[in-house]
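Below is one structure, written out as structure tokens; the observations come after it.
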Amino acid sequence: RAKTVMIFSSGFGEMNEEGQKAQDELTRIARETGVRIIGPNCLGVFNSAINFYATFTTTVERVQPKPGGLAIASQSGAYGSHIFYLAAARGLDMSYWLTTGNECDVHVAEAIKLLAEKEDVHTICAYAESIKDGDVLIEGLEIARANRKPVVLMKVGRSVVGAEAASSHTASLAGDDKVYDAILKQAGCFRARTTEEALDIAYASRPRIYPAGRRIGLVTVSGGGGVLMADASEDCGLDVAAMPADAQAEMKELVPFAAPRNPVDVTAQFFNDMTLVPRFTKLMLEKGNYDALIGFWTSVAGSPTISPKLRAGLVEALQGHDRTLFIQSLVATPEICKEYEDEGFPCFEDPSRAVAAMAAMMFYGTEFDKGRAAAPGVPKLPPLPDGALGEKEAKSILAGFGLPMVEDVLVNDTEAAVAAAAKAGGPVAMKIASPDILYKTEVGGVRLG
């Protein structure tokens, strides 16, 4: 029998109450039969490694996906296609593409977990309007972190209007944005605000080098470009630490008018002496103790005459430092950019985007070193009393379980209440204490201020 059903059709929970009832019936069928349902209101899936295209997106007619380590999971089908097309245009190869739609059964958090467990996936890019199962999301993100796989998530619906749009699109409740921010950061997931940012991160992860520190070395042929990158680095929380004094002096001996501090400006003198690039860069790697490097070469690096020499110099500089990520900012044709990429150098035209992508790689490097979080030790729950519990009794039990509780005082008369309020030293809330009253406000049992 079939193990999975995919439903493209719309007209379910995103429409009206009747549509929601039909969608709930699909969920019931999935739970009772064990048949997994993708959708409804989804655009399908593909696996380019086996030429399986269960989707009606026309994007695959325009660009044939090549099997590779990027995987995309998207609640939105059309936007998932948009991400796929732009990723393919960036030269990113992907085997897996999954859209989940209204998620009556299979949801995007489950897709992330599935991809995190696959050996042929090294980077996961996801788009979500809501998360149906937070525990599954956290588990999937922790598996990805333990397997050193970057997950970059576009969680939308941050604004009131955006949350309303998510509800009408896939019947999604967007949820509290600050909670998502905290959980994603804690689980080692980078939250991207734009598609460009998400794809920059996926692209920069191709060498699969994730620096575990935040000391950044900047080497440039332009003083102005160096200042721009220094500003961007500080904005991203990176440490633009200065080169040691002896190394700066050594650089000055090579080029008296160079700026050797960091950013290190080789100046246009490297046109006359191409050996300056590996010599300066080696000094940065060996004496600057930087976790990663960014080079800014403008359109010079795209010159058919200069690019082979510059590329050879960069490769030479990394000898003995092959696990150092070295991102290049340059302007060149796609063909010349690919030659740099083939040597392990991601390329960005905009130096600020290069810095932001590097900051993301450093975020992952720090997170990956943590490994998978150990399960917290859980104290034994004390025996629960019979019958209903009042707030005071319930808080006492929770405090004994090790959970932090807001301090309160139980009082029986006016004088004790006044004394407790005076001891608190500020405005207090007064609430009736009774296990027989579940909703205090309905009986006038709460006074603020």
Side-chain angles (χ1 to χ4, degrees), residues 13-14 16-21 23-25 27-28 31-32 102-105 107 109 128-139 155 157-168 170-187 373 375-449:
E14 83 285 0
N16 49 37
E17 186 176 344
E18 185 178 347
Q20 185 62 53
K21 288 180 180 178
Q23 185 168 312
D24 292 342
E25 178 66 8
T27 302
R28 183 192 65 79
R31 298 291 182 269
E32 290 184 359
N102 284 15
E103 303 185 338
C104 78
D105 179 29
H107 45 81
E129 294 167 9
S130 69
I131 298 296
K132 294 290 196 326
D133 192 327
D135 289 342
V136 172
L137 175 67
I138 292 171
E139 184 182 9
K155 167 60 182 74
R158 293 182 291 113
S159 65
V160 174
V161 175
E164 291 174 351
S167 179
S168 63
T170 55
S172 297
L173 297 176
D176 190 311
D177 201 62
K178 290 181 180 178
V179 172
Y180 277 107
D181 262 347
I183 289 174
L184 295 176
K185 184 176 181 180
Q186 181 175 316
V378 180
K380 188 177 180 180
L381 184 66
L384 296 177
D386 295 330
L389 290 175
E391 179 181 349
K392 181 70 177 176
E393 295 84 0
K395 288 173 71 174
S396 176
I397 292 171
L398 291 172
F401 194 56
L403 297 176
M405 292 288 116
V406 174
E407 184 180 354
D408 60 17
V409 179
L410 183 65
V411 298
N412 295 306
D413 55 48
T414 303
E415 289 181 1
V418 171
K423 186 178 180 181
V428 298
M430 185 167 65
K431 298 188 286 185
I432 192 167
S434 169
D436 301 320
I437 302 173
L438 293 180
Y439 303 103
K440 301 177 179 63
T441 54
E442 292 184 0
V443 298
V446 178
R447 291 288 184 270
L448 301 180

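All values reported here derive from a predicted model rather than from experimental measurement.
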N/O donor-acceptor pair under 3.5 Å between Lys431 side chain and Arg447 backbone: no
Check against side chain to side chain contact (heavy atoms under 4.5 Å, CB included), Leu137 and Leu184: CA-CA 9 Å; Leu137 175 67; Leu184 295 176; 4.2 Å; yes
Euclidean distance, Lys155 NZ relative to Asp181 CG, rounded to 0.5 Å: 10.0 Å
Considering non-hydrogen atoms only, spot the tightest contact between [X] and [Y] and give its length.
X	Y	result
Asn102	Gly13	ND2-N, 3.5 Å
Ser130	Glu103	O-OE1, 4.5 Å
Pro435	Gly390	CB-N, 3.5 Å

Is the shortest heavy-atom distance from the side chain of [X] to the side chain of [Y] under 4.5 Å?
X	Y	answer
Ile131	Val136	no
Thr27	Arg31	yes
Leu389	Ile397	yes

Of all pairs that satisfy salt bridge (Lys or Arg N to Asp or Glu O under 4.0 Å), the ones with a partner from residues 408-429, not counting sequence neighbours: Lys392-Asp408, Lys395-Asp408
CD/Gln186: more than 12 non-hydrogen atoms of other groups inside 6.0 Å: no
Met405, CE: over 12 other non-hydrogen atoms inside 6.0 angstrom: yes
Lys/Arg N to Asp/Glu carboxylate O, Glu18 vs Lys21, below 4.0 Å: no
